[in-house]
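Both ligands and their constituent atoms are indexed starting at 1 by order of listing.
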Amino acid sequence: MAFVSSGYNPDKPMENRISDIGPRDFNEFLPPVLKNNFGQWKYHDILEPGVLLHVAESGDEVYTVRCGTARLMSITLIREMCDIADAHCDGYLRFTTRNNVEFMVDSKDKCDALKKDLQSRKFDGGSFKFPVGGTGAGVSNIVHTQGWVHCHTPATDASGTVKVIMDDLFEEFTNHNMPAPVRIAVACCLNMCGACHCSDIAVVGIHRKPPLIDHEYLDNVCEIPLAIASCPTGAVRPSKVEIDGKQYKSVAIKEERCMFCGNCYTMCPSLPLSDKEGDGIALMVGGKVSNRISMPKFSKVVVAFIPNEPPRWPTLVKTIRTILDVYKADANKYERLGDWAERIGWERFFEKTGIEFTPHLIDDFRDPAYYTWRQSTQFKF
Ligand code: HEM
Ligand code: HEM
Ligand code: SF4
Ligand code: SF4
């Protein structure tokens, strides 16, 4: 398309420049019933999976219908959401912290019509556009990252892995059959953008090979001390390299000290490390952020490596399903996955799930690793 100016003048870039105005005030977008009862809510109920009722001191009611979204979406789909909001909700809607979309109405009749409309909408391929669910003790949306859609450091994809896991766990999104809510997160590299370190189940992209070094260009594109300081294990040191009789300032990597985190690549474009066969997924379980009963927990690595198998990652999907099936059958009511694993003992977690315990799972990172070993004779055979 030919260039169309927005009115911005590149010759005077600071002229008419508006800055530091911040986001719009959320009050501008509150449905009237929420505005009128703000801070005055008496109780809430989950009427059915995906449908909530909040009742205010005034007696006013709000029915909320929560629907899954793919997070990554077109303006066409956003427009369709706006049409739904216009038709049923006076033009109001909201998105949740797990990237679900919520439509709100003020009566049961409107709620039923809204739900029916939402459930009837599908993409040409057959997938639901607005599946209703994600409440209570089930599996809600997967918090995830950019993957191969946009980032330059991933070891796996995000949108792809998320779609196949949610397809497999769709029943759990639309029901409340779990002992407690199960939070799943995906991060495509160890930067762990998002919630992987604190989720019941976490999918994290990992590498298994050290970076390649582009000696010829490294000094031109990298701040060498930054690359050295980026390494958590001190594997990177400065070095001089001779190529075709020409001296280059570069770095050397001690491969037996490198654990393939990719941090040095983040700092230095001349240290790429992604690799088709080498890259894959580590699976972590048992994290949580709430302080209900037990304190918040980090998730722990239980499967060191699952290969990337695009487009449907069958091994990954099967492993997650196995863990959730055992948790569902064995955990007590209200027990999050981490609460359950800690109560029965991690040796029992591995026994019950049939997941192989490998030396990779034993912490070996600095002094704190010691505290993850067992300094007790308390264990089960
Ligand atoms: C040259 C001889 C010895 C050396 C170099 C030695 C060294 C040590 C060291 C380094 C520790 C660990 C301390 C810590 O945890 O910080 C220790 C603990 C211990 N040693 Fe020795 N030791 C010696 C002789 C003995 C003997 C002869 C006995 C008993 C008759 C003994 C009984 C113990 C006990 C029971 C502990 C554990 C103490 C505790 O954790 O409360 N050691 N020893
Ligand atoms: C009926 C006899 C005994 C009782 C009830 C007893 C009880 C205890 C208890 C409660 C502890 C603390 C354990 C802990 O907090 O982890 C302990 C530690 C210890 N006891 Fe005894 N004890 C007895 C006999 C003995 C004898 C005969 C010895 C040595 C010849 C001994 C050596 C030790 C040592 C070295 C420790 C420190 C171990 C460590 O810190 O790992 N105890 N004992
Ligand atoms: S987790 Fe890593 S690869 Fe994924 S978006 Fe964040 S930085 Fe990029
Ligand atoms: S990948 Fe990580 S461990 Fe390996 S050299 Fe780079 S920063 Fe160090």
Side-chain angles (χ1 to χ4, degrees), residues 70-73 98-99 141-165 183-199 201-215 217-219 221-239 241 249-284 287 298-299 301 304-306 308 310 313 316 360 363-366 368-369:
R71 190 183 65 95
L72 201 66
M73 58 182 100
R98 300 193 77 82
N99 305 303
N141 213 350
I142 299 180
V143 168
H144 63 281
T145 51
Q146 303 185 58
W148 299 327
V149 171
H150 206 99
C151 196
H152 69 301
T153 64
T156 190
D157 190 36
S159 299
T161 53
V162 164
K163 166 70 172 155
V164 295
I165 298 166
R183 302 296 183 223
I184 305 182
V186 167
C188 29
C189 88
L190 294 182
N191 276 351
M192 286 206 197
C193 304
C196 273
H197 63 297
C198 56
S199 295
I201 302 239
V203 172
V204 185
I206 57 155
H207 306 284
R208 292 186 301 164
K209 298 181 187 178
L212 304 172
I213 309 176
D214 189 356
H215 293 297
Y217 290 93
L218 193 138
D219 191 32
V221 295
C222 307
E223 201 67 69
I224 289 177
L226 201 55
I228 294 165
S230 74
C231 182
T233 61
V236 186
R237 65 185 154 82
S239 78
V241 181
K249 275 199 275 179
S250 184
V251 299
I253 292 177
K254 199 176 180 69
E255 297 200 347
E256 36 323 353
R257 283 191 78 89
C258 173
M259 37 67 160
F260 332 120
C261 67
N263 239 7
C264 51
Y265 176 55
T266 303
M267 293 298 131
C268 170
S270 286
L271 298 170
L273 79 164
S274 73
D275 184 90
K276 188 170 180 235
E277 280 74 35
D279 295 356
I281 284 161
L283 206 59
M284 303 165 73
F298 284 123
S299 50
V301 183
F305 184 75
I306 296 171
N308 276 328
W313 280 268
L316 172 69
H360 297 293
D363 195 348
D364 58 1
F365 190 64
R366 303 193 178 174

Atoms of ligand 3 less than 4.0 Å from Pro154 heavy atoms?
3 (S)

Quick one: which ligand 3 atoms are inside 4.0 Å of a heavy atom on Gln146?
5 (S)

Please report the closest heavy-atom contact between Pro269 and Val221, naming both atoms and the distance.
CD-O, 3.9 Å

Run the side chain to side chain contact (heavy atoms under 4.5 Å, CB included) test on Trp313 and Val203 for me, step by step, so that the C-alpha distance in whole Å, both residues' side-chain angles and the decisive distance to 0.1 Å come before the verdict.
CA-CA 12 Å; Trp313 280 268; Val203 172; over 6 Å; no

What atoms in ligand 4 come closer than 4.0 Å to a heavy atom of [X]?
X	value
Gly262	1 (S), 2 (Fe)
Val236	5 (S)
Cys258	1 (S), 3 (S), 4 (Fe), 5 (S)

Which residue and non-hydrogen atom of the protein lie closest to [atom], and at what distance in Å?
atom	answer
atom 2 (Fe) of ligand 4	Cys261 SG, 2.3 Å
atom 4 (Fe) of ligand 3	Cys188 SG, 2.2 Å
atom 3 (S) of ligand 4	Met259 N, 3.4 Å
atom 8 (Fe) of ligand 4	Cys231 SG, 2.3 Å
atom 6 (Fe) of ligand 3	Cys193 SG, 2.3 Å
atom 7 (S) of ligand 3	Asn191 ND2, 3.3 Å

Measuring from [X]:[atom1] to [Y]:[atom2], what's the distance to the nearest 0.5 Å?
X	Y	atom1	atom2	result
Thr153	Leu190	OG1	CG	9.5 Å
Asn308	Trp148	CG	CH2	4.5 Å
Met267	Ile228	CE	CD1	13.5 Å
Arg183	Arg98	CZ	CZ	5.0 Å

Taking atom NE2 of His152 as the centre, does the number of heavy atoms from other residues, nucleotides or ligands within less than 6.0 Å exceed 12?
yes

Using a heavy-atom cut-off of under 4.0 Å, does the side chain or the backbone of Thr153 touch ligand 3, or both, or neither?
both

Backbone or side chain, does Cys264 get an N/O/S atom under 2.8 Å to atom 2 (Fe) of ligand 4?
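Looking at Cys264, which is the residue asked about, there is no N, O or S atom under 2.8 Å from atom 2 (Fe) of ligand 4.
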
N, O or S from Cys151 under 2.8 Å to atom 8 (Fe) of ligand 3
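Coordinating: yes.
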
Any Val251 side-chain heavy atom under 4.5 Å of Leu271 side chain:
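Side chain of Val251 against side chain of Leu271, heavy atoms only: contact under 4.5 Å found.
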
Among Leu72, Ile142, Asp157, the one residue meeting side-chain contact (heavy atoms from CB on, under 4.5 Å) with Val162:
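Only one of Leu72, Ile142, Asp157 forms a side-chain contact (heavy atoms from CB on, under 4.5 Å) with Val162, namely Ile142.
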
Which bit of Phe260 is near ligand 4, meaning a heavy atom under 4.0 Å away: side chain, backbone, both or neither?
backbone

Worked verdict on Cys268 versus Leu218 for side chain to side chain contact (heavy atoms under 4.5 Å, CB included)
CA-CA 8 Å; Cys268 170; Leu218 193 138; 3.9 Å; yes

